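In what follows, chains are A, B, ... by sequence order, proteins preceding strands, each numbered from 1. Since the structure is predicted, the reported quantities are computational estimates derived from the model, not experimental observations.
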There are 2 protein chains.
Amino acid sequence: MAEIQSLARGLKILNLLEHSRNGMGTTEVANQLSIDKSSASRLLRTLANYGFVEQDEHSSRYRLGPQLLTLGQHLLNRITLRDHARPYLHELVDKTGECAHLAILAQRQALYIDQVESTAALRVESEIGTLSPLHCTALGKVMLAFGDGCLPDELRPFTHRTVTDRSTLEAQLTLTDGRGYAIDDEEYNYGVRCVAAPVYDHRGALVGAIGISGPAARVTLERIDEFGSVVKDTADALSSRLGYDERRKRGAERSQ
Amino acid sequence: MAEIQSLARGLKILNLLEHSRNGMGTTEVANQLSIDKSSASRLLRTLANYGFVEQDEHSSRYRLGPQLLTLGQHLLNRITLRDHARPYLHELVDKTGECAHLAILAQRQALYIDQVESTAALRVESEIGTLSPLHCTALGKVMLAFGDGCLPDELRPFTHRTVTDRSTLEAQLTLTDGRGYAIDDEEYNYGVRCVAAPVYDHRGALVGAIGISGPAARVTLERIDEFGSVVKDTADALSSRLGYDERRKRGAERSQ
DNA sequence: AAACAGTGTTGTATTTTTGGCAACACACAC
DNA sequence: GTGTGTGTTGCCAAAAATACAACACTGTTT
């Protein structure tokens, strides 16, 4: 006895209704799930009793109900970015073998709020709770390119590769925006390269960035795009986990 | 055969989980619903299989799952304010006996996008699609007091009661903000009084206003507060229908 | 250490619940 | 009128869900 069949069917109906524009009729649902009309009818009524679907008064078609909204919104209130990001950080470590980090924008800097360390002997140590500059870290550049982070008055150099020229940096950010992930090529610490990508919340607003950092010997320039797409994919997965719907444009428009 | 029992139980579990801060254990769920642990365990697993709940890896407690967020967000995209407002407009007509209207902010004016007419012989006629000034209509004042509507350069008078003095109007808007609904006391049309209240979306942003308008003979100054609270209550109900959670502050803050 | 009180999960047999067939009520097109 | 399409409801066989266990596991207490 693996699954409760009737519950599973009810949940399948909800998933079906998600993908229909104008709701679905009883028969239509029944056909899709290869069950009898009568079963579909009863399942739908039960779902309706609890507000998970609702029936259009006139057309008698069913569509998703307000209870899903209530539960979904409720969930959002309880979410903390960090809790939800953690498995994705682990995923990054597994796939890349490098340390993974989560940062948010705070006080015009990148605040590291979580990390998962790789098992490699040679690895980048960094501490949770530290603030890093935006202009020379991958996580920071994400805030600049995708969020509302703004540049400080002075672009302080940390290594000889640190970009201190505003227009050069602007061009780099445009490039970053285009490909979907940011790169730090030994611009903050010698011998360390980082890749990071943006994380959006349910509203489409940037809430943070996740990325990896590793020794330049392993994170080579040849492989950096490969790392980039892994980081981007993982970040996208996290975003959709937070309720971000790719189909919606960023910056949210008025309904109606 | 009224309800599918096992589906109903699954849905009840979701409702239960909504009200628990740190999720619930199998036994706890079973006790709350007066069912056996084993049943609860299997129901929870089924819910988990479809992402409606998820089990904490360590504590093995269950909490609401990401699928609810997906479905909820999806629902929001399909919602049109007008469709959802309609039954509430009917409710207003039923309770007040006056015509009810729905308006949104457009081109710095109040755009009437729906109405439900009362059956009274003497009633206010207005047309869907018309733009009305903000400073002398109840619906418009809602945009000014609760939304980001802004005043025109000139406060054009329509009746001798139209407020044309900016500071007087500002004071009135402060009052409006305090009580939660706006009043138009024959300021646009002679013999017509209106009451309106704000409608918020899931993000807490103002998306429109609903209200009633009726002949001054019926909508008397003595009864106007009574109408006001009816309109406000109905508007609040509509807002929560759109996913607006009163517990969250207006203007949405960053998560984490 | 060992017994204990929790937890959550899994087998199994009974029985309740469910699901499909059919008939029905209704709407709409022709 | 008939036709086809809805969605809903009775009914009974049949299957699925349930409750009672026993089980594995964790952490705590004695």
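For the pair A/R45 CZ and C/dG19 P, the interatomic distance rounds to 13 Å; values are reported in whole Å. One atom, CD of B/E3, and another, P of C/dT17, lie 12 Å apart when rounded to the nearest Å. Taking atom CD1 of residue A/I35 and atom P of nucleotide C/dT17, one finds them 20 Å apart after rounding to whole Å. As rounded to whole Å, 16 Å separates atom C1' of C/dG19 from atom CG of A/L7. With rounding to whole Å, B/L47 atom CG is found 13 Å from D/dA17 atom P. Between A/L43 atom CG and D/dT8 atom P there is a gap of 12 Å when expressed in whole angstrom units. Between the P atom of D/dA19 and the CG atom of B/N31 lies a distance of 12 Å, rounded to the nearest Å. In this structure, CG of A/D36 is placed 17 Å from P of D/dC12, rounded to the nearest angstrom.
Listed nucleotides: D/dT6, C/dG8, D/dA19. Nearest to the side chain of A/K37: D/dT6. Side-chain proximity of B/Y62 to the nucleotides D/dT18, C/dT9, D/dG7 is greatest for C/dT9. Here the nucleotide nearest the side chain of A/S39, chosen from D/dT18, C/dT18, C/dG20, is C/dG20.
Applying the 4.0 Å criterion to OP1 and OP2 of D/dA16, one finds that B/Q5 has every side-chain N and O outside that range. Between B/T27 and C/dG8 there is a side-chain N or O to OP1 or OP2 distance below 4.0 Å. For C/dG8, neither phosphate oxygen OP1 nor OP2 lies less than 4.0 angstrom from any side-chain nitrogen or oxygen of B/R61. Using a 4.0 Å cut-off, some side-chain N or O of B/S41 falls inside it from OP1 or OP2 of C/dT9.
Side chain of A/S213 to backbone of A/C194: no donor-acceptor contact under 3.5 angstrom is found. Formation of a donor-acceptor pair under 3.5 Å by the A/S41 side chain with backbone atoms of A/K37 is not found in this model.
Within 3.5 Å, a donor on the side chain of A/R42 pairs with an acceptor on the base of C/dG20, or the reverse. Taking only distance into account, the side chain of A/S38 never meets the base of C/dG19 through a donor-acceptor pair shorter than 3.5 Å.
Nucleic acid contact for B/R9: sugar-phosphate only, since backbone atoms but no base atoms lie under 4.0 Å from a heavy atom of the residue. Residue B/Q55 is in sugar-phosphate contact alone, with no base atom involved, counting any heavy-atom pair closer than 4.0 Å across all strands shown.
A heavy-atom distance below 4.5 Å is not found between the side chains of B/I4 and A/L7.
In this structure B/D36 satisfies the side-chain contact (heavy atoms from CB on, under 4.5 Å) test together with B/S38, B/S39, sequence neighbours excluded. In terms of the side-chain contact (heavy atoms from CB on, under 4.5 Å) criterion, residue partners of A/V93 (sequence neighbours excluded) are, by chain and number, A/A100, A/V116, A/S118.
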